[in-house]
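Worksheet: the structure to be examined is printed underneath.
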Protein chains: 2
Amino acid sequence: MRSRTDPDTDARGTLLVDIKASSELKPGVNLPASGTVSTINDVARLAGVSIKTVSRVMNNEPNVRAETRVKVQEAANLLHYRPNLLARSLAGARSFLIGIFYDNPNPSYINAVQNGAIRRCRESSYHLLIEPQDAHSPDLERNIAGLLATIRLDGVILTPPLCDMAVVLHAVEAAGVPYVRISPFLNPGRSPIVRMDEARATYEMTQHLIAMGHRDIGFVLGHPEHGGTHLRYQGFTKALSEAGITPRPDWVKQGFFSYESGIEAGKSFFAEGKPRPTAIFSSNDYMAFGIMGVAQQMGIRIPEDISICGFDDAPGSILIWPHVTTIRQPVEDIAYAAADILLAKAEVEDADGTKRDTDRMLPFELIKRNSVGPV
Amino acid sequence: MRSRTDPDTDARGTLLVDIKASSELKPGVNLPASGTVSTINDVARLAGVSIKTVSRVMNNEPNVRAETRVKVQEAANLLHYRPNLLARSLAGARSFLIGIFYDNPNPSYINAVQNGAIRRCRESSYHLLIEPQDAHSPDLERNIAGLLATIRLDGVILTPPLCDMAVVLHAVEAAGVPYVRISPFLNPGRSPIVRMDEARATYEMTQHLIAMGHRDIGFVLGHPEHGGTHLRYQGFTKALSEAGITPRPDWVKQGFFSYESGIEAGKSFFAEGKPRPTAIFSSNDYMAFGIMGVAQQMGIRIPEDISICGFDDAPGSILIWPHVTTIRQPVEDIAYAAADILLAKAEVEDADGTKRDTDRMLPFELIKRNSVGPV
DNA sequence: GGATGCCCTGCCAGCGCTGTCAAAAAAGCA
DNA sequence: TGCTTTTTTGACAGCGCTGGCAGGGCATCC
């Protein structure tokens with residue numbers, strides 16, 4: 001269906017058309033109807049150069065004369081030429097695809113990760129393949145290995161909890177695909193990582209509570225298998241001890257990051273006849289919601305009777321009343337940085353000699369809302 | 001790096017090895033180390049057949065002798081062979097990729113759509129490319145056209161609001177890529193669509209309110225540019241008129257699907273000195289949350305003083321108290337069905353002659369929780 | 001027995017592009 | 001000017017796979 005020109009006679013009889021250097025294109029080539037796909041061949045013919053030269057221009061390679069470059073670019077524009085990504089991948093070393101593996105039930109988290117990664121991908125005209133995986137599947141390693149054999153991804157982003165699973169790391173490493181982990185807990189240094197200082201965040205939040213006059217502070221732990229759980233608790237105890245406060249063991253409750261476990265914790269905290277803290281630090285917002293629900297049911301006012309703070313800035317934290325004081329993780333920026341590490345590597349391959357930073361720590365934000373008040 | 005065998009002498013001197021038909025493979029081929037990628041060539045050599053035959057087996061094509069098929073499959077397993085998706089796409093007519101375009105700020109909705117689509121993709125070993133787009137960008141059409149020229153997708157899923165935009169439909173159609181729209185409002189019949197009966201859902205919810213004794217029912221409209229807005233209102237008025245109730249115009253408030261617009265509506269409903277309805281139907285949950293927040297602030301009890309119901313079953317609807325009575329859309333199933341239409345088409349191309357259903361309507365679910373009570 | 005047709009298999013030519021290398025053109029230099 | 005060096009360009013061979021076709025084997029039919 002593609003238009004065919006006469007045999008390639010020399011197109012560089014420039015004298016005639018030199019008046020307007022910008023229209024030095026080969027005549028007699030029919031321009032495509034909108035929607036038609038043109039190939040590098042069409043562009044080469046129109047511009048009167050070889051396809052290799054077109055390839056050079058499209059890839060911004062050096063050693064092309066400025067006027068040739070312009071000529072090719074015009075031809076490409078005229079034909080609405082877009083290089084075929086599949087063909088580029090097959091012929092070259094890059095696939096222009098990065099993948100993101102996750103097994104995380106939190107849609108807003110996943111969404112933020114995707115958006116951040118995509119934002120960076122677009123800057124390098126890369127595309128994002130999403131690959132949710134079942135972390136508990138016995139076939140996990142095989143699935144990932146198979147997938148990476150089928151599509152040669154230029155890089156992979158791993159989020160918790162997959163980023164802490166040995167089989168996952170092994171599969172990705174065996175396939176020889178570069179990867180970056182987001183907020184991993186285990187094996188720092190095994191790969192580039194991007195994260196936020198969770199311990200520091202809870203440390204500062206606890207200081208905030210103390211500054212508001214609280215000394216009787218409860219804590220709800222997150223899921224024990226999740227790395228953040230420990231880091232968050234560390235920051236909490238550090239702030240307490242620095243303020244000379246001895247934490248009460250019975251005011252540290254085990255939670256699992258779920259709303260339901262928050263309800264359990266709340267019931268436990270607010271049981272009849274027991275002394276209760278003036279503030280509760282919940283390791284994430286969902287559990288805070290649960291605690292607040294229990295308080296509400298029992299007529300305990302927030303923040304007058306008890307202050308409650310969370311972690312994550314979940315979307316619900318401004319839906320319920322009072323709005324929850326919490327820590328915002330820059331999830332989107334973290335994912336952006338993760339993609340950046342991958343793409344910078346793919347693009348310059350450490351050309352400058354300076355090793356790229358392999359452990360990026362992004363700043364958090366302490367968001368003070370209405371669920372925390374003075375004693 | 002790939003192992004090389006001696007020149008292809010005939011491997012089918014079967015007599016010797018026929019004792020164990022399952023090991024009729026060519027000897028002398030080194031098996032790959034784990035992580036090595038093997039190509040169709042390696043498999044062909046090991047199995048002692050041509051690559052074309054391997055290709056036939058891998059694609060489940062007919063006209064391959066059963067024993068040949070087994071032989072090839074064994075060789076493929078031994079080598080951990082996975083066909084290269086890029087090469088398949090380039091050589092063949094399919095890319096094994098479908099794309100999903102969206103511009104929707106609701107993470108849980110997007111997440112559900114992705115999960116449903118991926119679930120179906122995996123059944124046909126397809127992959128999902130996610131392509132968020134800015135619906136308000138002046139380059140929208142160009143972006144989509146460029147993207148589709150760069151990657152030949154086998155199909156595209158369009159969600160609201162993109163699925164109702166002329167430029168989007170035009171770009172996709174011009175590229176000749178099959179597409180399915182999810183819950184579109186405009187141009188039914190222009191493409192296959194998958195949706196839920198939104199009018200019917202509000203109709204039944206309204207009947208539910210009426211059955212609980214409510215006759216004074218307010219309504220909060222959604223964003224006027226969103227198709228669902230009108231359908232939802234239709235169902236509401238239909239149920240009212242069938243019950244002989246005349247809706248009061250001042251009890252129909254304009255909202256925009258946002259939490260904030262719910263707060264506005266709530267303030268308007270609960271303004272001092274004005275008669276107020278005994279129930280409010282909010283066109284989505286977020287607005288219902290806003291209304292409930294206002295009610296709570298003003299000491300209006302739910303559901304004792306007023307019943308409130310929403311639409312969508314947003315994740316927050318069980319986080320706040322009381323839990324919200326709402327409509328659950330089977331978003332994941334809808335997306336699954338959308339992908340199914342695309343893949344079924346890609347795979348059998350209407351081989352059976354029966355045209356595939358081009359307008360699938362999936363059932364909703366009315367979820368009764370605590371925010372609605374009897375009058 | 002020969003003709004006919006079907007089943008199974010392999011050969012070949014690409015898909016649209018990039019990597020390699022060598023040739024041609026331009027620039028630098030004595 | 002004639003030479004070397006550098007820049008610019010193109011020919012060519014694939015990347016790993018599929019589509020089209022042809023050929024050989026075998027059963028069927030007259």
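The sequence lines fix the lettering, A, B, ..., with proteins before strands; numbering per chain opens at 1.
In this structure, the CG atom of B/Asn63 is 18 Å from the P atom of D/dG23, given to the nearest Å. As a whole-Å value, the separation of A/Leu85 CG from C/dC15 P is 18 Å. Between the CG atom of A/Asn41 and the C1' atom of D/dA11 there is a distance of 13 Å, rounded to whole Å. Rounded to whole angstrom, the span from the CZ atom of A/Arg69 across to the P atom of D/dT7 amounts to 14 Å. The interatomic distance linking A/Lys52 (NZ) with C/dA24 (P) rounds to 19 Å, in whole Å. The CG atom of A/Leu86 sits 13 Å away from the P atom of D/dT18 (whole-angstrom rounding). One can place CG of B/Leu90 at 12 Å from C1' of D/dG14, the figure rounded to the nearest angstrom. At whole-Å resolution of the value, CZ in A/Phe96 and C1' in C/dG16 are 13 Å apart.
Side-chain proximity of B/Val64 to the nucleotides C/dT9, C/dC17, C/dG10 is greatest for C/dT9. Side chain of A/Ala87, nearest nucleotide from D/dC17, C/dG16, D/dG10: C/dG16.
A/Arg88 has no side-chain polar atom (N or O) that falls below the 4.0 Å cut-off from OP1 or OP2 of C/dG16. Close to C/dT9, at under 4.0 Å from its OP1 or OP2, lies no side-chain N or O of B/Ser50. Taking 4.0 angstrom as the limit, B/Asn59 places a side-chain polar atom (N or O) nearer than this to OP1 or OP2 of D/dT18. Contact between the side-chain N/O atoms of A/Thr53 and the OP1/OP2 oxygens of D/dG10 is found at a separation under 4.0 Å. Between B/Asn84 and D/dG16, a side-chain N or O to OP1/OP2 separation shorter than 4.0 Å is absent.
Taking CE of A/Met58 as the reference point, atom OH of A/Tyr81 lies at 6.0 Å (rounded to 0.5 Å).
Proximity of a side-chain donor or acceptor of A/Asp340 to a complementary backbone N or O of A/Tyr336 within less than 3.5 Å is not detected.
Both B/Ala91 and B/Ile51 lie close to DNA chain C; mapped to their nearest nucleotides by heavy-atom distance, the more 5′-ward contact belongs to B/Ile51.
Annotation: B/Arg142, atom CZ; neighbour count of heavy atoms from other residues, nucleotides and ligands within 6.0 Å does not exceed 12.
Among the heavy atoms of the strands, none lies under 4.0 Å from A/Pro62. Here A/Thr68 lies in heavy-atom contact (under 4.0 Å) with sugar-phosphate atoms only.
Checking each of B/Val156, B/Ile157, B/Leu153, B/Val177 against B/Ile98 for a side chain to side chain contact (heavy atoms under 4.5 Å, CB included) leaves exactly one that passes, namely B/Ile157.
For a distance-only test at 3.5 Å, the side chain of B/Arg56 qualifies as a donor-acceptor partner of the base of C/dG10.
Here A/Glu131 pairs with B/Arg122 in a salt bridge; the nearest charged N to carboxylate O distance falls below 4.0 Å.
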